[in-house]
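Heavy atoms only: backbone and side chains are in, while hydrogens, waters and symmetry mates are out. Per chain, numbering begins at 1; letters A, B, ... match sequence-line order.
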There are 2 protein chains.
Amino acid sequence: ERIVVSGAALKDKLARITLRNVPDRPGTAAKIFHTIATHNIVVDDIIQIVAPNRVATVAFTVDLADLADARKVVDKLSRELGCTATYEDHMAKVSVVGVGMRVHTGVAERMFAALAKAKINIQNITTSEIKISCLIDRAQGKTALKVVHDAFKLGKRNKR
Amino acid sequence: ERIVVSGAALKDKLARITLRNVPDRPGTAAKIFHTIATHNIVVDDIIQIVAPNRVATVAFTVDLADLADARKVVDKLSRELGCTATYEDHMAKVSVVGVGMRVHTGVAERMFAALAKAKINIQNITTSEIKISCLIDRAQGKTALKVVHDAFKLGKRNKR
Ligand SMILES: C[C@@H](O)[C@H](N)C(=O)O
Ligand SMILES: C[C@@H](O)[C@H](N)C(=O)O
């Protein structure tokens with residue numbers, strides 16, 4: 001079987017910020033991320049899903065070290081936008097990296113199944129053809145990396 | 001200024017499926033995407049955000065041509081999971097592709113601002129270091145690609 005997954009990675013000093021009831025109209029996403037960028041806060045991943053009733057949920061991750069600064073900025077921003085903001089400081093992101101992973105739809109499900117088998121709850125998910133990332137609790141980070149490695153037979157002694 | 005964005009792309013025959021009130025416990029994501037994969041439906045991008053009250057929202061895109069098949073599978077799956085499913089057949093995805101886009105936080109906001117200026121509403125968003133994708137209405141696809149091209153000075157006559 002062709003090897004499409006080339007590696008797995010864990011980023012475990014992440015914080016997550018979730019904005020709910022964000023007004024769903026052009027300009028809001030630009031305003032949010034322009035404001036954050038001007039405060040020199042580096043954003044890791046951005047996920048947005050529109051909801052009914054003309055609002056959206058926007059979730060993004062930042063380095064844990066930037067959470068205090070991000071909080072000041074986002075609290076003020078949410079008052080301006082009339083949305084709510086929640087902050088979580090105990091996140092980790094486990095990812096599989098590869099090529100052509102979209103066509104090989106088995107990759108996402110194999111990753112999700114490996115985590116499920118280890119009873120690791122997948123919180124947020126973001127994907128592309130070359131990377132599938134799952135946001136989980138930091139306490140499960142190392143285990144998550146291990147089970148994903150095993151699921152895709154990664155790791156030195158398995159390399160051909 | 002270093003060029004980090006190398007191209008923009010439009011994928012405009014997409015359908016979006018959104019599952020809400022998905023039980024947020026280990027195994028659910030695996031079940032959803034295993035079921036879809038076994039029916040040979042190729043999934044484009046997957047986005048998931050957890051919500052309060054132990055549920056999650058899972059949104060994913062499929063080729064428009066696969067929507068009818070996907071609908072049968074997902075309707076049955078949502079009954080089994082006790083979640084809701086909505087289907088939209090008028091989606092397009094505009095993306096910018098590059099390298100190191102995360103560190104250069106200005107990229108996401110520039111893309112969002114370009115779309116906002118053209119009054120294009122950004123529905124779903126998914127990002128990685130090398131790709132930022134916005135799901136929009138298909139009717140605005142071509143305009144979206146053009147304004148993103150212009151915002152990043154892409155296109156033959158601008159190449160150095
Ligand atoms: C919610 C936000 O993304 C909005 N739809 C926008 O286009 O900016
Ligand atoms: C909602 C779903 O992703 C669930 N949290 C899981 O781990 O499978």
Side-chain angles (χ1 to χ4, degrees), chain A residues 18 20 24-38 40-52 56-60 86 95 102-106 108-135, chain B residues 16 18 20 24-38 40-52 56-60 86 95 102-103 105-106 108-135:
Chain A
T18 308
R20 297 184 197 279
D24 182 24
R25 53 176 181 256
T28 311
K31 178 175 169 72
I32 291 170
F33 294 98
H34 174 72
T35 306
I36 289 169
T38 54
N40 294 318
I41 294 163
V42 174
V43 170
D44 178 63
D45 282 336
I46 300 169
I47 305 173
Q48 173 181 302
I49 300 181
V50 285
T57 298
V58 184
F60 57 98
T86 53
S95 307
R102 174 154 311 136
V103 179
H104 296 83
T105 28
E109 56 140 336
R110 198 194 301 192
M111 179 183 190
F112 301 157
L115 295 170
K117 195 164 173 225
K119 306 234 188 310
I120 295 171
N121 198 43
I122 303 167
Q123 300 192 29
N124 289 1
I125 298 171
T126 179
T127 70
S128 69
E129 293 94 336
I130 69 155
K131 191 174 192 178
I132 298 174
S133 295
C134 291
L135 208 62
Chain B
R16 172 176 67 209
T18 309
R20 297 184 197 281
D24 182 25
R25 53 174 183 259
T28 310
K31 178 174 168 72
I32 292 170
F33 293 99
H34 174 72
T35 306
I36 289 169
T38 54
N40 294 318
I41 293 163
V42 174
V43 169
D44 179 63
D45 283 337
I46 300 169
I47 305 173
Q48 172 180 301
I49 300 180
V50 285
T57 298
V58 184
F60 59 97
T86 54
S95 306
R102 173 153 313 136
V103 178
T105 28
E109 57 140 332
R110 198 195 302 192
M111 179 184 190
F112 301 156
L115 295 171
K117 193 164 173 222
K119 307 232 184 316
I120 295 172
N121 197 43
I122 302 166
Q123 301 192 27
N124 289 359
I125 298 171
T126 177
T127 70
S128 69
E129 294 94 335
I130 69 154
K131 193 173 189 177
I132 299 175
S133 294
C134 292
L135 208 63

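- Of the residues considered (B/A56, B/P52, B/S95), B/P52 shows the highest number of contacts with chain A, using heavy-atom pairs under 4.5 Å.
- Neither the backbone nor the side chain of A/I36 comes within less than 4.5 Å of any heavy atom in chain B.
- Here the straight-line distance linking atom OG of A/S128 with atom CD1 of B/I132 works out to 12.0 Å at 0.5 Å rounding.
- Residues A/V50 and B/R16 share a closest heavy-atom pair of CG2-NH2, 3.7 Å.
- Note: A/I49 leads A/T86, A/I49, A/T126, A/L135 in heavy-atom pairs under 4.5 Å with chain B.
- Ranked by heavy-atom pairs under 4.5 Å with chain A, the list B/I125, B/T35, B/V58 is led by B/I125.
- Heavy atoms only, all atoms of each residue included: A/A51 and B/R20 are closest at CA-NH2, 3.8 Å.
- Among B/D44, B/I122, B/T18, the residue making the largest number of heavy-atom pairs under 4.5 Å with chain A is B/D44.
- For A/Q123 against B/Q48, the heavy-atom pair with the smallest separation is O-NE2, 2.6 Å.
- When the salt bridge (charged side-chain N to carboxylate O under 4.0 Å, His left out) test is applied to A/D24, no partner is found at least two apart in sequence or on another chain.
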For the pair B/F112 and A/I46, evaluate side-chain contact (heavy atoms from CB on, under 4.5 Å) and give the outcome as yes or no after the intermediate values.
CA-CA 12 Å; B/F112 301 156; A/I46 300 169; 4.1 Å; yes
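- Take A/E129 and apply the side chain to side chain donor-acceptor pair (under 3.5 Å) test, not counting sequence neighbours, and it matches A/R102, B/K131.
- The distance from the CG atom of A/D45 to the OG1 atom of B/T127 is 4.0 Å, given to the nearest 0.5 Å.
- Taking chain A as the reference chain and counting heavy-atom pairs below 4.5 Å, the highest number among B/N124, B/T38, B/T57, B/I120 is found for B/N124.
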